[in-house]
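Whatever order the structure lists them in is the order used to number ligands and atoms, beginning at 1.
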Amino acid sequence: KKRIVSGVQPTGTIHLGNYLGAIKNWIPLQNSYDTFFFIVDLHAITLPYDTQQLSRATKDTAAIYLASGVDTSKASVFVQSHVRAHVELMWLLSSATPIGWLNRMIQFKEKSRKAGDENVGVALLTYPVLMASDILLYQSDFVPVGEDQKQHLELTRELAERVNYLFGGRKWKKLGGRGGAIFKVPEPLIPPAGARVMSLTDGLSKMSKSAPSDQSRINLLDPKDVIANKIKRCKTDSFSGLEFDNPDRPECHNLLSIYQVITDRTKQEVAHECQDLSWGTFKPLLTEALIAHLHPIQVRHNEIMADPAYLDRVLAEGARKAADIADVTLNNLYQAMGFLRR
Ligand code: TYM
């Protein structure tokens with residue numbers, strides 16, 4: 001079976017962008033792939049954070065995975081920090097990562113600009129190396145993510161090729177390696193719609209956990225009345241009719257796209273249904289569709305959170321399965337890099 005890995009940071013609350021760009025797309029993949037879904041808590045400490053909240057947010061995120069349909073009889077669900085190989089591989093990979101590759105990362109540039117130099121830890125720069133470790137440890141074939149992770153995936157691919165070149169090859173084959181490839185070179189899986197969900201208050205900026213205004217995003221756990229209120233107050237325009245792909249109407253494109261993916265329909269169907277609608281007619285439709293989709297997830301989430309022993313068991317089992325695979329990759333690399341065997 002081909003292998004798939006992906007993860008979400010336990011920072012703030014999971015929003016509709018995380019769900020439509022990533023989590024929702026994981027669900028159908030579980031049937032045909034060997035899947036590993038983790039909560040990337042080690043990534044969540046790269047910006048100043050609240051230590052009181054981290055473990056709660058980690059559990060919450062795991063519960064959201066399960067409530068969204070991640071099935072533990074098929075997928076392994078675990079916490080990144082519970083599998084020590086992630087950090088260990090990161091150190092080995094760091095030695096093969098040119099610093100220029102990291103300086104170029106858009107997310108690093110944006111986040112470090114916002115945080116200011118004094119608050120930028122080294123980990124914010126080396127963050128993509130940890131992400132590469134998350135992926136390469138499992139010899140992953142595909143990584144389902146939103147569009148904003150494309151550059152990180154590109155770096156992961158380049159790093160895999162570089163390590164295969166530096167430490168693989170003939171020397172590695174003599175040691176019993178698989179013909180030069182220490183790492184499989186993974187590919188991103190970016191959905192055709194929902195890969196870049198935009199803010200509700202500005203159709204030109206991405207929906208994000210860190211945006212100061214909560215009005216700008218729908219959180220997966222927002223109660224019905226909050227969802228209704230956010231949609232009622234979200235930014236629109238004064239054109240008549242609704243349409244996709246008009247560059248003068250980014251909000252319109254965004255809201256139609258959300259409607260499309262949340263109702264599992266095609267773009268053509270939605271374009272046709274909505275072409276003559278006014279905002280006054282469309283907004284209640286969108287609100288209803290969002291609530292109908294998210295409410296059952298919220299109910300399951302609460303049930304899962306009410307049974308912490310169950311969640312602990314799932315995460316322990318997931319970490320065990322993950323560690324077995326991760327350790328093989330890590331030990332192979334230690335060997336290929338010339339370390340004394342333990
Ligand atoms: P994170 O936690 O920022 O986001 C989790 C997932 O949600 C997607 N996403 C979006 N998709 C559509 N529209 C949006 N507005 C939006 N905002 C976020 C992200 O693309 C992502 O798929 N570095 C990663 C986490 C990570 C990871 C990994 C992912 C760490 N290691 C290994 C895959 C494989 C991150 O910070 O995602």
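Every residue meeting the salt bridge (Lys or Arg N to Asp or Glu O under 4.0 Å) condition with Lys74, not counting sequence neighbours, appears here in chain and number order: Asp71. The side-chain hydrogen bond (donor to acceptor under 3.5 Å, both in side chains) check on Arg249 picks up Asp237, Glu243, with sequence neighbours excluded.
Within 4.0 Å of ligand 1, contacts by protein heavy atoms are made from Ser6, Gly7, Val8, Gln9, His15, Gly17, Asn18, Gly21, Ala22, Phe38, Val40, His43, Tyr127, Met131, Asp134, Ile135, Val143, Val145, Gly146, Asp148, Gln149, Gly194, Ala195, Arg196, Val197, Lys206, Met207, Lys209.
The main-chain N or O of Gln9 is found under 3.5 Å from a side-chain atom of Lys209 such that the two form a donor-acceptor pair.
Screening residues 10-23 for salt bridge (charged side-chain N to carboxylate O under 4.0 Å, His left out), with sequence neighbours left out, gives no hits.
Taking all atoms of both residues into account, the shortest heavy-atom contact from Leu311 to Lys59 is CD2-O, 3.6 Å.
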Check step by step if ring-ring contact (aromatic ring centres under 6.0 Å, His included) holds for His152 and Phe108. CA-CA 10 Å; His152 290 156; Phe108 171 69; over 10 Å; no
